[in-house]
Each structure stands twice: as C-alpha cells, then as structure tokens.
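See structure below.
All heavy atoms count here, side chains included; hydrogens, waters and symmetry mates do not. Chain letters run A, B, ... following the sequence lines, proteins first and then strands; every chain starts at 1.
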2 protein chains.
Amino acid sequence: MSGKIHIVDDDASFRSALERRLKRAGYSVTTYPSAQLLLDHLPDESEPACILLDLRMPGLSGMEVQTRLAQRGSTLPLIFLTGYADVRTSVRAIKAGAEDFLAKPVGSEQLLDAIGRAMARHRALREQAAEQDERRAHLASLTPRERQVFELVVRGKINKQIALQLGATERTIKAHRHRVMEKMGVQSLAELVSMAERLGILNRVSGDGKQT
Amino acid sequence: MSGKIHIVDDDASFRSALERRLKRAGYSVTTYPSAQLLLDHLPDESEPACILLDLRMPGLSGMEVQTRLAQRGSTLPLIFLTGYADVRTSVRAIKAGAEDFLAKPVGSEQLLDAIGRAMARHRALREQAAEQDERRAHLASLTPRERQVFELVVRGKINKQIALQLGATERTIKAHRHRVMEKMGVQSLAELVSMAERLGILNRVSGDGKQT
DNA sequence: AGTTGTGTTGTCCCAAGGGACAATAGGAAC
DNA sequence: GTTCCTATTGTCCCTTGGGACAACACAACT
C-alpha cells in the first residue's frame, strides 16, 4: 500500500508500458485514456496518490486538468509527462502547483523520485486538508448569530462590548458564547482563537475598526 | 519609484543593454558582473526590488545564489535569465522559489510582466516579513521564564495549572502573565494567541501532553 | 396544534483574570 | 557596594467568564 497512481495519457501503448513499470515498483495503478475520464471519476484521496498526466492530449490539456482539479479542491499532486517539453510551459505548470514536469521518455529513477515526493506531499496535504475540513464543519454548524459572536470573541472583544455592538444583553452573549465553545469543540478561549486563526478569520477586516 | 532591479550577468554588453531597457521602463537599476558581488553588497529591501540573474556564470551559479540568498533570509524575488534554458533546470529553479525563468533573448513584454509580478510579490513579502520581525522582536524581549508562561498561556492553560507545572504560586504566574501581555503589546488573550499562532508556537509539541 | 431550532434574557454563585501597591531575594553589571 | 534585572509572593478588590436552572418569543416544519 505504498500508494495509488493515476495515469492519464491518450497513447494506449505508453499507458500500459508505464502501468507495468509502476506496478512492478509496487504501486497500485489506474489508467485513463482521456482527462475527461479522470475528472468524471474523481479519484478518492483516502490513500496517498498522485496523477501522471500527459500535457498534450486531444480534448482537455494537462494544464486545464490542473485548473479543474484545483477548483474541485483536490489535493492530488500532479506530475506532468510530456514529449514536447518546453521551458515556458514547465514554468507555468510548476508555478501552478504541479509537483514535477518530466520529459518523455523519462528515466525510472527520476520518475520514481518524483512519485515519491508527490506521495509524501499528498500525505501531508491530506492531513492538513482533513483538519481544515473538520474546522470548517464546526464553523458551519454555528448559527448566523453565533458566528457573529464567534468573530468578535476571537478578536478579543469582551462580552460587554459584543452585547453593545450586537444590540443584546451581556447575558445573551454569554449564552451564544457558550454554545460557540461547545459547537467548536474547545474548552478554552485560546483554542478558539487558534482555530479562528487557522480558519483565516482573523485576517479579514470586520467593518468595525474602533474600540480597544 | 516603481522599483529597483539588480542585474547579475557576466556579459558586460548584455548587462548594459538590459540596464538601458529597464531604465527606460522607469526602473532604478544596479548591475553586478558576478554573483559574488551581489552577495557582498546585499541589496537593501526597503523598497520593492528584484534580481535578474544569469543562470550560468563563472564562479557562483544562479542556483547557488538562490540558495545563499534564501539562507540569509532575503525575500528578493529572483528572475532567471539564461541562454541555455532547459526544462530540468527551470523546474528546479521555480520549485526553489524563483519568480520566473526566462530564455535569452527575452521579449520586453514578457520581461516586464515578470518584473511586475516580482515587484508585487516582493511588496507583499516585505510586509509579511516586517510584521513577522516585529513579532519576533517582541518575543525575544521576554525573559526565559516569561517565555514559558507565554507558551502555556496561549495553549489555554489557566494560571493555576501553569503555577503547578512551573512550581510557582498562582500569584507569580499572574505577574509574569501581566508582563508578557505588556511586552508583546497586546490587550487581550485573543491577540496574544493570535500572535503565538503566527509565530508558529502553537504547532510545536511542548514535552507535556497530559492535562485538559 | 405540537415540535424544533434560534435568539433572547434572568438570577445565583463561583472561578479566573487583572489592576494597584508593596516587598523580598539572588545574580549580574558597573 | 550599589544598581538593575529577574523571579518571586502577598493582600485587597473589582471585572469577566462560565456553570446551573429556567423561561419566553418567533418562525418553520410536521
């Protein structure tokens, strides 16, 4: 179970040759004759995996796949394989987040190195993504009102100020605050703030500005 | 004052031609015949700037410069210019954080685009770096003891627990805590935690582990 | 009509945080 | 030796936060 590799290439003989090579190396392999097919059956990311993608194919190009995958929130690392490697394109691909960009034919060592890095990266990304998803789920469980209180609390506002700003009594804020802590699954303000920070909530400006 | 450009290239005629082109475009330009000279006079980063670097030079190569600069904490974006552009090298350079990788001769539009992006990026990096430096300076002003208290406080420990763990009375912790807030320049626990988060303190494990 | 979710507010009480004012003790620097 | 920094601890008192228990208003859904 060292990982799953998705190969996308319109050249059938290349696909199967590559598949054999990688299976020999101990990977689980799936092949796709077109990018569309990959996008249609979005690979699950429950185990380390990566995508080997031919850059130039009929239909969707490799770069387009990169964009689409990113849009869908996929964290699958991409390794481009192409017969027409040019610098311009490789730079664009890497800047867009691809793990690597290799020219066909690709040496086994180089390929396996890249795959190893991609798998490691995917492992790390998956963990981060999982934690982030959990945080976002907690956040989504808040009612709008609770969400407002949450934001003000983690900005260091005290109940009294929050009550004033939201036009409620301090007691009410206390109640909301209590439920926020509960729903977010934390026991201390410190944890709540830490969570807010990781959710990127503390960077946004909140239309306010004044107040100590 | 749209920015400062540092050109490093061993080819004198190329240097001066490029310098003229960029000055015409409104940039302030400095040239260096060797990478070592650039490293010897580390460019100040008080205004937006970037480096145009020939990849292949006698002495230090462009890639080595990239490493050295990173080691010294420079945030200056690098744009590689090279006559021998190959995919392998370009991928490595971009993965190492270079802003762009262009082949000589380079078209004006392409070059100015890259420079524009580099300047924008440098502006952003500088702001971040400045903030981070300020945070680190605050942190460094803490005594070892205060630092300990700081770490426990932002992890949500209450004074009583901290006192127990550090073998002091609650009153003492209160005193340290007070000075920590003062030195870090914050008024609320929320701000303190936020600062700790940005300092990367909340990710490290603290040898403890138990406790709620 | 009854249930559920959300927002609201109350009282009582205790724990935790924080300011004010003050003092002791040891080590390092001058 | 005197001074400065750091660490330590005290008391008094007020503010904040939070738990327990309870209740009311309103809208949406069944």
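- Residues A:His176 and A:Arg179 have side chains that bring a donor and an acceptor to within less than 3.5 angstrom of each other.
- Here the straight-line distance linking atom CZ of B:Phe150 with atom CD1 of B:Ile201 works out to 4.0 Å at 0.5 Å rounding.
- Between the CG atom of A:Leu189 and the C1' atom of C:dA15 there is a distance of 16 Å, given to the nearest Å.
- Between A:Lys95 and B:Asp100, at least one side-chain N (NZ, or NE/NH1/NH2) sits under 4.0 Å from a carboxylate O, which counts as a salt bridge.
- Checked for salt-bridge contact, B:Arg15 and B:Glu19 miss the test: no charged N lies under 4.0 Å from a carboxylate O.
- One interatomic measurement links the two molecules: NZ of A:Lys174 to P of C:dG7, which rounds to 20 Å at whole-angstrom precision.
- Distance, B:Ile158 CD1 to C:dA15 P: 11 Å, rounded to whole Å.
- B:Gln161 has its CD atom 9 Å from the P atom of C:dA16, to the nearest Å.
- Salt-bridge check for A:Arg155 with A:Glu151: passed, with a basic side-chain N closer than 4.0 Å to an acidic carboxylate O.
- Side chains of A:Glu191 and A:Ser188: a donor on one and an acceptor on the other come within 3.5 Å.
- Note: A:Leu60 CG to A:Leu38 CG = 10.0 Å, rounded to the nearest 0.5 Å.
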Extract from the structure each pairing of a protein N or O with an N or O of nucleotides 25-27 of chain C at less than 3.5 Å, listing the distance.
none

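- In this structure, B:His178 atom NE2 and C:dC21 atom P are separated by 12 Å, rounded to whole Å.
- Following rounding to the nearest Å, A:His176 (NE2) and C:dG5 (P) show an atom-to-atom distance of 16 Å.
- Rounded to the nearest 0.5 Å, atoms OG (B:Ser74) and CD (B:Glu45) are 4.0 Å apart.
- Legend: residues meeting side chain to side chain contact (heavy atoms under 4.5 Å, CB included) with A:Gln110, ordered by chain and number and at least two apart, are A:Leu102, A:Val106, B:Arg88.
- Comment: B:Arg123 does not engage B:Glu127 in a salt bridge, judged by the lack of any side-chain N to carboxylate O separation of less than 4.0 angstrom.
- When DNA chain D is scanned in the 5' to 3' direction for atoms under 4.0 Å from non-hydrogen atoms of chain B, the outermost contacting nucleotides are D:dT6 to D:dT11.
- Evaluated for a side chain to side chain contact (heavy atoms under 4.5 Å, CB included) with B:Leu152, the options B:Leu166, B:Asn159, B:Ile158, B:Ile173 yield exactly one hit, B:Leu166.
- Within residues 136-149 of chain B, no residue has a heavy atom under 4.0 Å from DNA chain C.
- Considering all non-hydrogen atoms of both residues, A:Lys23 and A:Val29 come closest at CG-CG2, 3.8 Å.
- Regarding B:Glu191, its CD atom lies at a distance of 16 Å from the C1' atom of C:dG17, rounded to whole Å.
- Contact annotation: the side chain of A:Ser2 never approaches that of A:Met119 to less than 4.5 Å [non-hydrogen atoms, C-beta and beyond].
- In this entry the distance linking CZ of B:Arg177 with C1' of C:dA16 reads 9 Å, nearest Å.
- Over its full length, the helix from C:dA1-D:dT30 to C:dC30-D:dG1 turns its helical axis through 40°, comparing axes from the five pairs at each end and rounding to 10°.
- Within 6.0 Å of CZ in B:Arg68 there are 12 or fewer heavy atoms belonging to other residues, nucleotides or ligands.
- Distance alone, capped at 3.5 Å, is enough to place a donor-acceptor pair between the B:Gln132 side chain and the B:Arg198 backbone.
- Remark: B:Ala168, B:Thr169, B:Arg171, B:Thr172 in residues 166-173 of chain B come within less than 4.0 Å of DNA chain D through at least one heavy atom.
- A donor-acceptor contact closer than 3.5 angstrom links the side chains of B:Lys4 and B:Ser28.
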